[in-house]
Amino acid sequence: MGAMHPNLVARLLKWTRRFTEEQLSFYFTFKVSPVDRARNDIVEFFLKGTVDRKGNSVPYTHLLFIDADTIPPEDALKRLLSHDKEIVSGLTPILHHNGKGWDVFDNCFLYRDTDNEGNEQTHMAQRGTGLQKIMRCGSSCILIKREVFEKLKKPCYFFRYNETGTKHTKSEDIGFCDDAKAAGFEIYADTDVSCGHYKEVLL
């Protein structure tokens with residue numbers, strides 16, 4: 001969206017020293033909004049692949065989304081790759097105003113059910129519980145294999161709106177998760193990959 005947290009820049013610079021050019025490439029959107037358009041721009045770049053030093057076309061194998069205000073741990077990329085899953089996410093705390101004050105919860109959701117009073121409730125993944133199969137997640141720190149994007153209908157990311165178009169009913173990343181599951185892919189979260197998330201709020 002035109003800015004990146006300096007701690008994220010520092011993390012990416014460390015990764016450039018740990019991986020070669022053949023192993024890791026970066027692509028940044030700049031002032032591309034809304035966010036679904038930015039994500040689709042990144043997917044388009046990813047699917048085009050790259051060219052090696054000999055001029056041969058080389059496809060990218062994995063896409064790691066990291067939001068500009070998210071700080072993944074140093075071992076995030078290595079850990080997420082080690083699971084060899086089609087879709088695997090780290091945990092990122094979300095700041096949510098409930099009408100009275102601020103709630104903070106991680107953006108990986110295990111399942112949803114109904115309590116004894118008929119109220120629908122969503123159960124969150126708990127940190128430090130290893131690799132968990134999940135229902136949905138945000139895309140602030142998520143690793144996705146190429147085959148997922150090749151199978152899904154384009155665009156892969158878009159907001160869902162109500163009938164009058166005045167309110168979105170599903171965010172672009174939650175919609176992606178639902179579409180991926182409908183296409184036969186499973187979604188996982190490594191609950192030991194705990195990211196930081198910088199937000200400015202008036203308290």
Side-chain angles (χ1 to χ4, degrees), residues 1 27 29 32-47 60-70 72 76 80-81 83-98 103-115 118-127 129-191 193-195 197:
M1 301 298 113
Y27 182 74
T29 58
V32 177
S33 63
V35 67
D36 55 346
R37 181 181 162 217
R39 294 201 192 283
N40 288 320
D41 182 56
I42 293 169
V43 170
E44 184 177 70
F45 167 84
F46 169 77
L47 289 175
Y60 293 118
T61 60
H62 298 74
L63 172 59
L64 176 67
F65 275 114
I66 303 178
D67 286 357
D69 57 0
T70 300
L80 295 177
L81 282 168
H83 299 302
D84 194 29
K85 300 296 185 183
E86 286 89 0
I87 306 171
V88 58
S89 176
L91 270 61
T92 304
I94 298 174
L95 190 63
H96 172 72
H97 198 276
N98 60 20
D103 291 328
V104 177
F105 54 85
D106 286 316
N107 67 345
C108 292
F109 314 108
L110 291 172
Y111 62 94
R112 188 171 52 202
D113 61 14
T114 304
D115 63 20
N119 300 313
E120 194 174 76
Q121 54 186 1
T122 301
H123 298 266
M124 312 295 181
Q126 299 299 312
R127 295 189 179 202
T129 55
L131 187 68
Q132 300 282 324
K133 187 183 292 187
I134 60 174
M135 176 182 70
R136 292 168 166 173
C137 63
S139 291
S140 54
C141 178
I142 187 171
L143 184 74
I144 305 167
K145 282 189 177 182
R146 183 183 189 89
E147 62 197 73
V148 177
F149 295 113
E150 290 178 334
K151 188 173 183 179
L152 292 184
K153 182 181 178 181
K154 307 301 182 294
C156 295
Y157 292 91
F158 59 94
F159 288 106
R160 276 70 163 179
Y161 293 90
N162 61 6
E163 293 180 355
T164 60
T166 56
K167 181 180 180 181
H168 82 261
T169 57
K170 193 179 293 185
S171 62
E172 90 295 342
D173 43 12
I174 296 301
F176 168 82
C177 289
D178 289 352
D179 291 343
K181 289 186 68 177
F185 296 104
E186 294 181 334
I187 306 171
Y188 291 84
D190 184 337
T191 62
V193 176
S194 298
C195 300
H197 195 189

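Source: prediction; values computed, not measured.
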### Message
Between D67 and R39, is the salt bridge (Lys or Arg N to Asp or Glu O under 4.0 Å) condition met? List the steps.
### Response
CA-CA 10 Å; D67 286 357; R39 294 201 192 283; 3.1 Å; yes
### Task
Taking the side chain as every heavy atom from C-beta outward, state whether S139 and I144 have any atom pair closer than 4.5 Å.
no
### Query
Under 4.5 Å between any side-chain heavy atoms of Y60 and Y27, yes or no?
no
### Parallel, tilted or perpendicular: ring planes of F159 versus H168, cut at 30 and 60 degrees
tilted
### Message
When you compare the side chain of I174 with that of R136, does any pair of heavy atoms fall below 4.5 Å?
### Response
yes
### Query
So, do I187 and K181 sit near enough that their side-chain heavy atoms are less than 4.5 Å apart?
yes
### Task
Could you tell me whether a side-chain N or O of H197 sits under 3.5 Å from a main-chain N or O of P93, the two making a donor and an acceptor?
yes
#### Entry: R37 backbone acceptor or donor facing D41 side chain under 3.5 Å
no
### Message
Quick check: do K85 and L131 have side-chain heavy atoms less than 4.5 Å from each other?
### Response
yes
### Message
Do M124 and F109 have side chains that approach each other closer than 4.5 Å (heavy atoms only, starting at C-beta)?
### Response
yes
### Query
Between CZ of F176 and CG of D36, what distance do you get to the nearest 0.5 Å?
13.5 Å
### Query
If you measure from the Lys or Arg side-chain nitrogens to the Asp or Glu carboxylate oxygens, is any gap between E150 and R146 under 4.0 Å?
yes
